[in-house]
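Excluded from the calculations below are hydrogen atoms, water molecules and symmetry mates; all remaining heavy atoms, backbone and side chain alike, are included. In each ligand, atom 1 is the first atom listed, and ligand 1 is the first ligand listed.
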Amino acid sequence: MCGIVGIISKHNFSIKNSLLKSLKKLEYRGYDSVGFATKDGTIKKDIGFIDPFIEKTKDTETNLAISHTRWSTHGGITITNAHPHANKEKTIIALHNGIIENYLEIKQDLESAGYLFTTQTDTEIIPHFFDYELNKKKQTMQKAIQEFFKQVHGTFAILLILKNQNILYALKRDSPLVLGIAQDKFIFASDIYAFSDVTNKAIFFEDNEYAIATQEKFTFYDKEGNEIKKNVQEFSWSKEEESKQHYPHHMIKEIKEQPETSNRLIQSFATIQKNRIDKLVQLIRESKSIVFLGCGTSYHASLIGAILLSHQGINCRSNIASEAESFVSYDKETLCIAISQSGETMDVISELKRAKAVGATIASIVNVPYSTIQRFSETSIEILAGQEVCVAATKTFTNQVIVMLELARRFGYKINMQTISEKIKQTITDNEEKIKQLAEELCRKKDIFVLGKGMSYPMAREIALKLKEIDYIHAEGMMAGELKHGTIALIEEGTPVISLVPNDNKDMLSATQEVKARGAKTIIISNLKDKGDIIVPQSDTAEFAIYAGIIGHLLSYYIGVLLNVSIDKPRNLAKSCTVK
Ligand code: M6R
């Protein structure tokens, strides 16, 4: 994870209003600590969010600086471990997104050569490595970079500066890195969003490339040092409303935006995204097997897709991307459909690379345009949910499920897509007050079980995930039928069990009775009038998943409000997981 921004400019710019303002846009990538370094060797860093850091930073101007917002991988959340890191003399300063896998070996070698390490990070090897190459081996910077690519294993997007030199070095393998080309400056960042208000011209780095930028020009090289020509891409990025408006948190704003965001997506299927959907449908028809890949909430949406398409007779499965290597083998007749809000999730990207290497076809369903996963795909559906600021995925989940419903519809599944947005609105207005009361009952509970079956099983997982990530409550999303094979032993007097019971599903009703008989406090979510504690609009089982999800999201939100937790930025998390 981690977000990085570096700027080299013809003119001086403000650290606060330019560099850190751009960095702030990448805070979703991690918010454990923040730091920057300027050309004159000044390094400032602190733990915590970017806003308080900006507030206490005394503004300065420079024409070259680099900055970093961290999601910790190696070494605790301390000021010492915050990036940037430097050699002893503070003449070589670097920051990094990724993981250097063989950092211990390199560190040992450097320690034997007399270098002292002061942090627990893998990143600290970078300035010492370059110090060794430049000052002990007397290599040129170009040779040192090529040596770095040779010796270092792992993933990295690195920005590096040398004190008092007007040059910015940028290196990339696996972790995302893009160059923004503005009138008087070059901006290197983890994604285009960081500079989308400054320029719409960008060059995306591919793996094992590096760039050297001065105030006047930039040059790209492959890892052997051969100069390469790169295409400048013009992107369009609609300026999103990022404020919370009158809402106290982004999460509730994003939940309540869903009538509009879902409608925007549904209408796009017959208009601006028709060709993309047609292409994906064609690829599904032509492939022998379909493998959905996703993580977290996106995996839950993909499970619904796999169930729906399997019901239409398509050979389809869904896998958690980080575990797919153990279960899935690909070939030329496989179609991999990656599903990812950010389009940058490293677990998914790694698996796509494995699939592509044996000739599988890659398609994707993403929210963030121009993301790595989208650029990797033969066709990519955009879920058009708009920017999602809260770390917890809500409106993007709903739209992912809507894409699944549309795909299934194209293969014969009967559904009226045009009423979904209205029913989403009804789900929220009918239930919000009831959910606030339920939140009062549940907010002090240590464990909550959520039961589902078939299409509602992914929803059980999804609701449990939200209770964990937002409210820090232990929650288990279970297949109802599995309960009696062990977990039911945990049910005691008053244990809360949320049952997802669409259309009087008999198995779900039995499972609910079984836990009730053992003292559980059951909460039934149903789509039939008078058949549950929370009632969502009438729908079939697949559509029910959308409305039940919204109930779960609202519940986790209102519990979070009562617990006074950091709802939009939960502890230990990041919006985009760009490391394995
Ligand atoms: O960007 P992606 O959709 O690939 O992210 C996948 C997961 O990291 C993400 O869904 C995560 O589980 C959310 N925080 C859940 O709310």
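- Of the protein's non-hydrogen atoms, the one nearest atom 10 (O) of ligand 1 is Thr297 N, 3.1 Å.
- Aromatic pair His249/Tyr557: centroids less than 6.0 angstrom apart.
- The N/O atoms of Ser340, backbone and side chain alike, include one that comes under 3.5 Å of an N/O atom in ligand 1.
- Taking all heavy atoms of Pro570, Gly294, Gly296 into account, the minimum distance to atom 12 (O) of ligand 1 is reached by Gly296.
- The protein heavy-atom contact nearest to atom 16 (O) of ligand 1 is Glu469 OE2, 2.3 Å.
- Ligand 1 does not have Val348 within reach: every non-hydrogen atom of the residue lies 4.0 Å or more from it.
- What sits closest to atom 4 (O) of ligand 1 on the protein, heavy atoms only, is Thr345 OG1, 2.4 Å.
- For atom 6 (C) of ligand 1, the closest heavy atom belonging to the protein is Cys295 O, 3.3 Å.
- If you number the atoms of ligand 1 from 1 as listed, the ones under 4.0 Å from a heavy atom of Lys466 come out as 15 (C), 16 (O).
- For the pair Lys253 and Tyr247, the cation does not sit on the ring face, since its NZ or CZ is not both under 6.0 Å from the ring centre and inside 45° of the axis.
- Protein heavy atom in closest approach to atom 8 (O) of ligand 1: Cys577 SG, 4.0 Å.
- For atom 1 (O) of ligand 1, the nearest protein heavy atom (residue, atom name, distance) is Ser342 OG, 2.7 Å.
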